[in-house]
Each structure stands twice: as structure tokens, then as C-alpha cells.
**Student:** 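Please see the structure below; I have some questions.
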Amino acid sequence: MSLRLGDTAPNFTQKSTHGEIDFYSWAGDSWVVLFSHPADYTPVCTTELGTVAKLMPEFEKRGVKVLALSVDDVDSHVGWVKDIEETQNARVTYPILADVDRKVSQLYGMLDQTNLNQEGLPLTVRSVFVIDPNKKIRLILTYPASTGRNFDELLRAIDALELTDKYNVVTPADWKDGDDVIIPPSLKDPEVLKEKFPKGYKEIKPYLRVTPQPNK
Ligand code: BEZ
């Protein structure tokens with residue numbers, strides 16, 4: 001059974017570049033980005049892990065812990081991190097899981113049956129799981145090996161998740177922090193609308209009502 005939005009993220013213990021990680025205790029009360037890459041010492045993955053390293057202050061600002069994963073071993077990760085730091089001008093401060101036995105990648109459905117190693121075993125695809133402080137899976141992305149991910153988009157989606165958890169709003173296409181948001185069509189009571197949206201709102205259609213972002 002593959003994991004879906006709203007499922008509880010399964011716990012696991014696995015070796016990493018920061019020692020053995022028990023996922024739930026490592027995550028604590030934070031949001032988590034768990035993301036896999038196909039293999040160490042490959043070009044696209046090198047740029048991806050470098051980009052995430054540079055964006056760590058942005059993840060930290062949002063209370064998000066980052067955990068990378070591939071089926072390579074710890075020694076391979078440690079050697080490759082030196083290359084990432086040399087070529088991408090960034091320090092990799094987040095742990096990388098060494099999922100050699102594919103325990104975590106199987107649990108999370110990250111394996112790509114079309115991308116096999118020399119022994120014919122599947123490598124991980126470019127998966128991303130955003131997990132909230134209650135350990136619920138809130139966002140899932142899957143990209144093919146040929147296509148590097150856009151981590152600014154991941155931050156934007158995390159901003160939207162954190163905002164819409166706090167306020168009774170939803171976010172439109174291409175929304176970014178500070179832009180107007182949308183009032184869910186289910187909210188109809190004029191007294192509730194006045195209380196929740198003191199800055200008012202613009203009704204473009206009865207189902208499309210736009211209001212300034214509540215916390216700005
Ligand atoms: C890469 O990261 O460049 C890559 C990894 C696996 C397959 C294809 C490309």
C-alpha cells in the first residue's frame with residue numbers, strides 16, 4: 001500500500017551521516033522534509049543536495065528539519081558530501097540516510113523499478129515527503145531521475161501549508177508569502193466572515209473571495 005496525503009508517516013531507525021536516526025525522536029515537534037535522490041556521485045543529485053544545503057536557513061526559519069536519503073552507504077555519503085561542498089559552495093549540515101537495506105525507501109514507496117543499479121536492484125526516485133508536527137504526510141512529490149527539483153517551490157508550498165493550518169484560508173495559484181489569499185466557499189456566515197477577516201474581502205464570484213493575508 002502506498003502512502004497518501006493524511007497518512008501517518010511511518011517511524012523507522014536507519015544509519016545516517018549523523019549516526020543512527022530514530023525518525024520520530026529525531027523529528028520531535030518539527031515539520032520534516034524527507035527527500036530521496038537516486039545515487040551519490042551523480043550530477044543532478046549533487047546540485048540538488050547543494051541547493052538544499054544553501055536553503056537551510058529558509059527551512060530553519062519555517063521550523064522544518066531536513067533529511068535526505070539514498071541507498072548508498074555512509075562512507076559513500078561522507079565522501080560525496082565533500083564534492084557537494086567543493087562544487088556547490090555550501091555546507092551540508094543535514095543528515096543523509098544510508099538506506100542500504102532499502103528499509104525506509106520501501107516503507108515510503110521511494111523505489112524506482114525503472115532505475116536499477118549494476119546488481120539489478122532498484123534505486124530511489126526523486127521523492128519528497130513533507131510531514132507535519134503530528135507526523136501526518138501533508139505533501140508528496142515524485143520527480144524522475146532526469147529532472148532536478150525546484151526547492152523554492154517546496155518552501156512556497158510549506159509556507160502555504162503552515163498558513164492554511166493557522167488561518168481559515170486557502171492559497172491561489174502561484175501564491176507567495178504576502179500575497180492575497182482566498183476565503184473557502186464553505187465560510188458563509190456574515191458574522192464569522194467579519195470576525196475572521198476584519199480587513200474585509202473582495203467578492204469576485206460568490207465562490208471566489210479574496211482577502212489580504214491575515215498575518216501581514
Ligand atoms: C543525476 O543525479 O544526475 C542522475 C542520477 C541518476 C540517474 C540519472 C541522473
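First listed ligand is number 1; within each ligand, the first listed atom is number 1.
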**Student:** Which pairs count as ring pair (Phe, Tyr, Trp, His ring centres under 6.0 Å) when at least one residue sits in residues 129-187, sequence neighbours excluded?
**Tutor:** Phe35-Phe151, Tyr108-Phe129
**Student:** Lys205: what forms a salt bridge (charged side-chain N to carboxylate O under 4.0 Å, His left out) with it, not counting sequence neighbours?
**Tutor:** none
**Student:** Please tabulate, for side-chain N and O atoms in residues 87-98, each donor-acceptor pair with protein atoms closer than 3.5 Å (sequence neighbours left out).
**Tutor:**
| unit_1 | atom_1 | unit_2 | atom_2 | d |
| --- | --- | --- | --- | --- |
| Thr87 | OG1 | Asp83 | O | 2.9 |
| Tyr94 | OH | Leu49 | O | 2.7 |

**Student:** Are Glu60 and Lys65 close enough for a salt bridge, meaning some N to O gap below 4.0 Å?
**Tutor:** no
**Student:** Quick one: ligand 1 N/O to protein N/O pairs below 3.5 Å?
**Tutor:**
| unit_1 | atom_1 | unit_2 | atom_2 | d |
| --- | --- | --- | --- | --- |
| ligand 1 | 2 (O) | Thr42 | OG1 | 3.0 |
| ligand 1 | 2 (O) | Val44 | N | 3.1 |
| ligand 1 | 2 (O) | Cys45 | N | 2.8 |
| ligand 1 | 2 (O) | Arg126 | NH2 | 3.1 |
| ligand 1 | 3 (O) | Pro43 | N | 3.3 |
| ligand 1 | 3 (O) | Val44 | N | 2.7 |

**Student:** Between Asp179 and Lys176, is the closest basic N to carboxylate O distance under 4.0 Å?
**Tutor:** yes
**Student:** Looking at Asp72, Thr46, Asp75, which one forms a side chain to side chain donor-acceptor pair (under 3.5 Å) with Trp80?
**Tutor:** Thr46
